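Remember, predicted model here, so these are calculated numbers, not experimental data.
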Amino acid sequence: MRDLARSAKGFRKGCFVIPYVNSLLSAWGRWVVRNQDGGVGWATCSPMFRDGLAGVMPAESRPPIGVGGNVDDCEFTDKAIKRLDEGDRDLIKATYVDRLKVKEIAAKFGWHRQRVSERLNVAGDRLLGHMNDIAADL
């Protein structure tokens, strides 16, 4: 038990984004970029497989998250993001739409680099709360 406590001692709570939230926000970021530029974000045919039909996806292949059947999830995430305060929205946009590095985000907001991950985690928690509210029709 002591070893477990010692190994957790150096761990700072809140220094990472919840993986589920990260996947939702990553998909949302690609969805936003796709809607901004009107493109689909990936080639319709791979030049490596010239024998494949252009624009026809093999049965086992699926579009990336945020494209195709997952658009409803992205719209739901977008509704929750709109409920966040401006600071959280700006941070999420810089991270997932603009795809800035942690160092660039820290410079943009005038924070230390460690503060970026802490704020992203807090914003992710707030986002989940808003998503629960939307799902409960609050």
Legend entry - Contacts of V102 that satisfy side-chain contact (heavy atoms from CB on, under 4.5 Å) - sequence neighbours left out: R113, V116
Inset, instruction - Kindly indicate whether the side chain of R99, heavy atoms from C-beta on, has any atom under 4.5 Å from the side chain of V33. - result: no
Inset, instruction - State, yes or no, whether a side-chain contact exists between R126 and D85 at a heavy-atom distance under 4.5 Å. - result: yes
Inset, instruction - Under the side-chain contact (heavy atoms from CB on, under 4.5 Å) rule, what do T77 and W31 come out as? Steps first, then yes or no, please. - result: CA-CA 10 Å; T77 303; W31 178 75; over 6 Å; no
Legend entry - Sole candidate of T95, I92, I105, L91 that passes side chain to side chain contact (heavy atoms under 4.5 Å, CB included) when paired with R119: L91
Inset, instruction - Return the minimal non-hydrogen interatomic distance between C74 and A27, and the atom names on each side. - result: SG-O, 3.7 Å
Inset, instruction - For residues W28 and D73, determine if any side-chain heavy atom of one lies less than 4.5 Å from a side-chain heavy atom of the other. - result: no
Inset, instruction - Report the residues that fulfil side-chain contact (heavy atoms from CB on, under 4.5 Å) with D137, sequence neighbours left out, ordered by chain and then residue number. - result: none
Legend entry - A80 to L127 - nearest heavy-atom pair and separation: CB-CD1, 3.5 Å
Legend entry - Between CG on residue D133 and CZ on residue R83, distance to nearest 0.5 Å: 6.0 Å
Legend entry - Residue pair V97 / G29: nearest heavy atoms and the distance that separates them: CG2-CA, 4.1 Å
Legend entry - D98 side chain reached by E104 side chain, heavy atoms, under 4.5 Å: no
Legend entry - H130 to L84 - nearest heavy-atom pair and separation: CD2-CD2, 3.5 Å
Legend entry - side-chain contact (heavy atoms from CB on, under 4.5 Å) between K108 and D90, worked out: CA-CA 10 Å; K108 178 178 179 174; D90 290 344; 5.8 Å; no
Inset, instruction - List in chain and number order the residues that pass salt bridge (Lys or Arg N to Asp or Glu O under 4.0 Å) with D78, two or more places apart in sequence or in another chain; answer none if no residue qualifies. - result: K82
Legend entry - Check: Q114 and E118 side chains under 4.5 Å, non-hydrogen atoms: yes
Legend entry - Partner of I18 under side chain to side chain contact (heavy atoms under 4.5 Å, CB included), chosen from L25, L24, N121, L120: N121
